[in-house]
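See below for the structure under consideration.
All chains are named by letter (A, B, ...) in the order of the sequence lines, taking the proteins before the strands, and each is independently numbered beginning at 1. None of these values were measured; they are calculated from a predicted model.
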There are 2 protein chains.
Amino acid sequence: MKRPTIADIARRAGVSKGAVSYALNGQPGVSEATRQRIVAIAQEIGFNPNSAARALSGASARAVGLTLSRPARILSIEPFFMGLISGFEAELAARSYALTLQVVATPEQEVEVYRRWWGERRIDGVIVTDLRENDVRIPVLQKLQLPAVVIGGPGDTGKIAQVWSDDAGAITETVRYLTALGHRRIARVSGLPGLLHTQTRTRAFNDVCAALGLNEALTVPSDYTGEEGGRATRRLLIGADRPTAIIYDNDVMAVAGLAVAQEMGLAVPGDLSIVAWDDSPLCSLVHPPLTALSRDIAEYGAHAARELLAAIDGKQVSNVEAGTAHLTPRGSTAPPR
Amino acid sequence: MKRPTIADIARRAGVSKGAVSYALNGQPGVSEATRQRIVAIAQEIGFNPNSAARALSGASARAVGLTLSRPARILSIEPFFMGLISGFEAELAARSYALTLQVVATPEQEVEVYRRWWGERRIDGVIVTDLRENDVRIPVLQKLQLPAVVIGGPGDTGKIAQVWSDDAGAITETVRYLTALGHRRIARVSGLPGLLHTQTRTRAFNDVCAALGLNEALTVPSDYTGEEGGRATRRLLIGADRPTAIIYDNDVMAVAGLAVAQEMGLAVPGDLSIVAWDDSPLCSLVHPPLTALSRDIAEYGAHAARELLAAIDGKQVSNVEAGTAHLTPRGSTAPPR
DNA sequence: CTCCACAACTTACCCGGTTCAGTAAATCTC
DNA sequence: GAGATTTACTGAACCGGGTAAGTTGTGGAG
């Protein structure tokens with residue numbers, strides 16, 4: 001089957017290619033009657049502009065890129081990214097932008113992917129996740145002048161816009177809630193310590209614990225996997241002064257922690273309270289259901305997509321806070337026995 | 001920053017554009033010495049061919065499409081798709097094909113996306129998941145002559161290649177295992193009943209149960225969500241002749257089922273044995289860890305990607321079986337009390 | 001010494017849109 | 001009613017690669 005082109009439309013309408021282009025793009029230069037005739041023909045023959053031709057003649061590629069930089073075994077189970085993708089997609093599809101995805105292993109490889117995408121003119125912008133300290137990706141994006149939006153922060157990204165959520169506020173709220181319940185020994189199992197938002201959370205956790213006079217604010221670094229989260233939990237629970245509450249940096253580790261507690265014969269929430277960051281259906285699924293810090297991840301993603309599209313359109317975008325997490329108490333938190 | 005083009009390389013090498021194109025694509029028509037000089041310059045200035053220009057001049061777009069057709073709340077938690085994506089990606093990245101993703105709500109919308117992608121010449125082929133009976137997508141793909149690979153089946157897809165796993169064999173093995181443990185009342189909570197592989201599983205389940213003389217082979221249709229899975233489990237367990245074993249069509253429903261059993265005071269595996277289809281880290285995370293039907297989903301995806309790339313290259317591809325699931329016994333199955 | 005084959009290029013056009021510089025006719029202006 | 005402006009187009013260049021067809025220059029065969 002042959003793809004229809006504007007030349008086909010031009011022939012049928014008895015006008016030139018240029019007129020068709022103006023008509024379909026809502027540019028001035030054609031009469032309203034002609035425009036409607038052309039649009040009707042385009043509709044009738046099922047015309048879609050060839051994206052390559054469009055991209056080639058200076059316009060945008062109408063596509064944005066996203067790299068996923070976690071190992072496959074984490075990606076497959078971590079609901080966060082899929083939620084984020086769903087959110088992007090809703091926004092991108094509405095403006096018929098395509099989403100191009102690539103899984104990478106390291107930040108260096110990710111930079112290479114950006115360079116290639118840019119060189120190939122395959123995408124108009126990228127969404128960057130998991131901001132790190134002195135992130136190698138930022139200077140490259142700036143040099144390439146590739147429109148970008150960073151998710152996670154706040155951090156130093158120069159002119160590149162950031163979308164971030166108030167992690168410090170959320171963790172402060174959580175610790176206050178747990179101490180209100182009567183907990184004095186609160187621990188935390190964190191995500192990858194290299195990530196900026198992990199550091200933000202750790203700092204805020206230490207601060208609020210100090211402010212409340214809790215002197216055993218222990219953060220055990222982990223890597224978002226269930227295995228590591230379980231191991232970290234076991235290490236926390238075998239000590240003499242075991243914590244009565246643990247906050248986890250993602251839902252997967254929290255669920256793993258719950259399993260470890262049950263395996264060790266500890267009652268949840270009787271002997272141990274558990275709070276999961278990022279709520280997901282997973283948290284309501286287990287027994288008892290987990291108290292969680294909920295935020296609308298899809299909306300978070302949609303927000304980032306909107307910012308990126310604005311940046312691509314050349315608008316000045318600034319850092320915005322979106323989707324602050326709020327505590328959703330469920331069955332896994334209670335006063336300590 | 002300006003993107004380097006073959007014209008830039010040609011100028012620096014003192015040859016014509018055509019010579020550069022031949023040299024970089026390994027075509028005959030340039031001497032080995034010139035080729036090396038050109039390749040060296042391309043490397044030095046970080047040249048990447050403009051994908052739009054390439055796609056426009058008849059070559060391929062070097063991209064494939066994938067639509068995700070489950071609601072966001074399922075996608076976010078269902079590890080299957082992310083596993084599949086990781087597998088594709090590994091294969092696609094190796095041949096520097098891009099993956100374009102779109103989330104859709106209905107098969108009709110999906111068909112529209114295929115039409116648009118085809119019209120825009122955005123992709124060279126698509127991967128189709130969740131084959132249904134009399135699937136509306138198949139005739140469209142055939143008419144557009146868009147290279148495609150179907151995951152799931154076997155079913156009637158004409159010339160479009162299929163990659164499928166032996167679901168019937170896997171469920172037969174599982175039922176045999178459970179009866180060997182002594183179970184006589186085995187139930188099943190299935191996925192979406194419209195999907196072809198759900199029907200295949202149901203038929204095989206009924207067959208093996210009949211063959212083994214189990215006359216209460218009940219399949220409760222569900223939709224892969226935890227909520228529905230939990231509800232289906234509750235319905236099964238409140239009956240007088242409640243099953244002593246339940247097989248779930250995905251891991252999320254199995255985990256939800258486990259929570260329901262625990263909530264109802266039933267011991268797993270003492271009072272109820274649970275088997276999850278598709279293993280994932282989630283299954284090992286809960287307590288007790290779930291016996292599961294494991295298969296290498298990433299490899300399954302990689303296989304599909306290889307088939308698709310072969311189809312794009314114009315090679316004749318045939319239906320292949322890949323990644324048959326095998327039973328991984330863990331703590332959730334035991335002889336009934 | 002001529003003719004031919006072949007390697008090693010160059011030239012020029014193609015893909016399908018976008019866009020700018022023209023142009024002819026219609027409308028406005030005084 | 002002549003000149004200025006506006007409208008509604010057309011024609012052609014352009015984006016950056018791919019590639020068929022044409023042009024050299026060299027070496028070998030006869």
**Asked** Below 4.0 angstrom from OP1 or OP2 of dC14(D), is there any side-chain N or O of Ser57(A)?
**Response** no

**Prompt:** Is Val20(A) touching bases, backbone alone, or none of the nucleic acid, heavy atoms closer than 4.0 Å?
**Reply:** nothing

**Message:** Ignoring hydrogens and geometry beyond distance, is the side chain of Lys17(B) in donor-acceptor contact with the base of dG17(D) at under 3.5 Å?
**Reply:** yes

**Asked** To the nearest angstrom, how far is Asp8(A) atom CG from dG16(C) atom P?
**Response** 9 Å

**Asked** Counting any heavy atom closer than 4.0 Å, what does Gly119(B) reach on the DNA or RNA strands: base, sugar-phosphate only, or nothing?
**Response** nothing

**Complete:** Of dT11(C), dG16(C), dT18(C), the nucleotide closest to the side chain of Leu56(A) is dG16(C)

**Request:** Kindly state which residues belonging to residues 27-38 of chain A come within less than 4.0 angstrom of DNA chain D, counting heavy atoms of the residue only, listed by number.
**Result:** Gly29(A), Val30(A), Ser31(A), Thr34(A)

**Message:** Is there a side-chain contact between Asn50(A) and Arg3(A) in this structure, where contact means two heavy atoms from C-beta onward sitting under 4.5 Å apart?
**Reply:** no

**Request:** Would you classify Thr5(B) as touching base, sugar-phosphate or nothing, given that sugar-phosphate means primed atoms plus P, OP1 and OP2, and contacts are heavy atoms under 4.0 Å?
**Result:** sugar-phosphate

**Request:** Specify the separation, in whole Å, of atom CD1 of Ile9(A) and atom C1' of dC9(D).
**Result:** 17 Å

**Asked** Under the 3.5 angstrom rule, does the side chain of Arg35(B) hit a backbone N or O of Ala23(B) as a donor-acceptor pair?
**Response** yes

**Prompt:** Ion pair present between Asp8(B) and Arg11(B), side-chain N to carboxylate O less than 4.0 angstrom?
**Reply:** yes

**Request:** May I ask you to decide if Ala298(B)'s main-chain N or O and Ser86(B)'s side chain share a donor-acceptor pair within less than 3.5 Å?
**Result:** no

**Prompt:** Do side-chain atoms of Arg62(A) reach the backbone of Ala55(A) as a donor and acceptor pair under 3.5 angstrom?
**Reply:** no

**Phosphate-side-chain proximity, Arg54(A) and dT18(C), N/O vs OP1/OP2 below 4.0 Å** = yes

**Message:** If you compare all heavy atoms of Ile45(B) against all heavy atoms of Pro4(B), which two are closest, and at what distance to 0.1 Å?
**Reply:** O-CG, 3.6 Å

**Message:** Among dT10(D), dG17(D), dG16(C), which nucleotide has an atom closest to any side-chain atom of Ala19(A)?
**Reply:** dT10(D)

**Asked** Does Ser16(B) place a side-chain N or O at less than 4.0 Å from the phosphate oxygens OP1/OP2 of dT11(C)?
**Response** no

**Prompt:** Hey, is Glu44(B) close enough to Arg12(B) for a salt bridge, meaning N to O under 4.0 Å?
**Reply:** yes

**Prompt:** Can you name the closest pair of heavy atoms from Ala322(B) and Val163(B) and give their distance?
**Reply:** CB-CG1, 4.0 Å

**Request:** Have a look at the helix from dC1(C)-dG30(D) to dC30(C)-dG1(D) and give the angle its two end axes make, five pairs each, rounded to 10 degrees.
**Result:** 50°

**Prompt:** Roughly, in whole Å, what's the span from CH2 in Trp118(A) to P in dG16(D)?
**Reply:** 11 Å

**Fill in**
By nearest-heavy-atom nucleotide on DNA chain C, the more 5' of Ala7(A) and Val15(B) is Val15(B)

**Message:** Please check: side-chain N/O of Arg37(B) versus main-chain N/O of Ala13(B), any donor-acceptor pairing under 3.5 Å?
**Reply:** yes

**Message:** Without decimals, in angstroms, what is the distance between Asn50(A) CG and dC15(C) P?
**Reply:** 12 Å

**Asked** Can you check the Arg11(A) CZ to dT10(D) P distance for me, whole Å?
**Response** 14 Å

**Prompt:** Has the side chain of Asp124(B) got a donor or acceptor atom that lies under 3.5 Å from a matching backbone atom of Ala61(B)?
**Reply:** yes

**Fill in**
Separation of dC15(C) atom P from Arg121(B) atom CZ, nearest Å, is 11 Å

**Asked** Ile6(B) has an atom CD1; how far is it from atom C1' of dG18(D), in whole Å?
**Response** 8 Å

**Prompt:** Is Asp313(B) reaching over with its side chain to a backbone N or O of Lys315(B), donor-acceptor style, under 3.5 angstrom?
**Reply:** no

**Message:** With side-chain contact (heavy atoms from CB on, under 4.5 Å) as the test, pick out the partner of Gln142(B) among Val140(B), Leu144(B), Ile138(B).
**Reply:** Ile138(B)

**Request:** Go along nucleotides 20-26 of chain D 5' to 3' and tag each nucleotide: B for a protein heavy atom under 4.0 Å from its base, S when only backbone or sugar atoms are that close, - otherwise.
**Result:** B------

**Asked** Got a donor-acceptor contact below 3.5 angstrom from the Ser57(B) side chain to the Arg54(B) backbone?
**Response** yes

**Message:** Nearest whole Å is fine: how far is dC20(C) P from Asn25(A) CG?
**Reply:** 13 Å

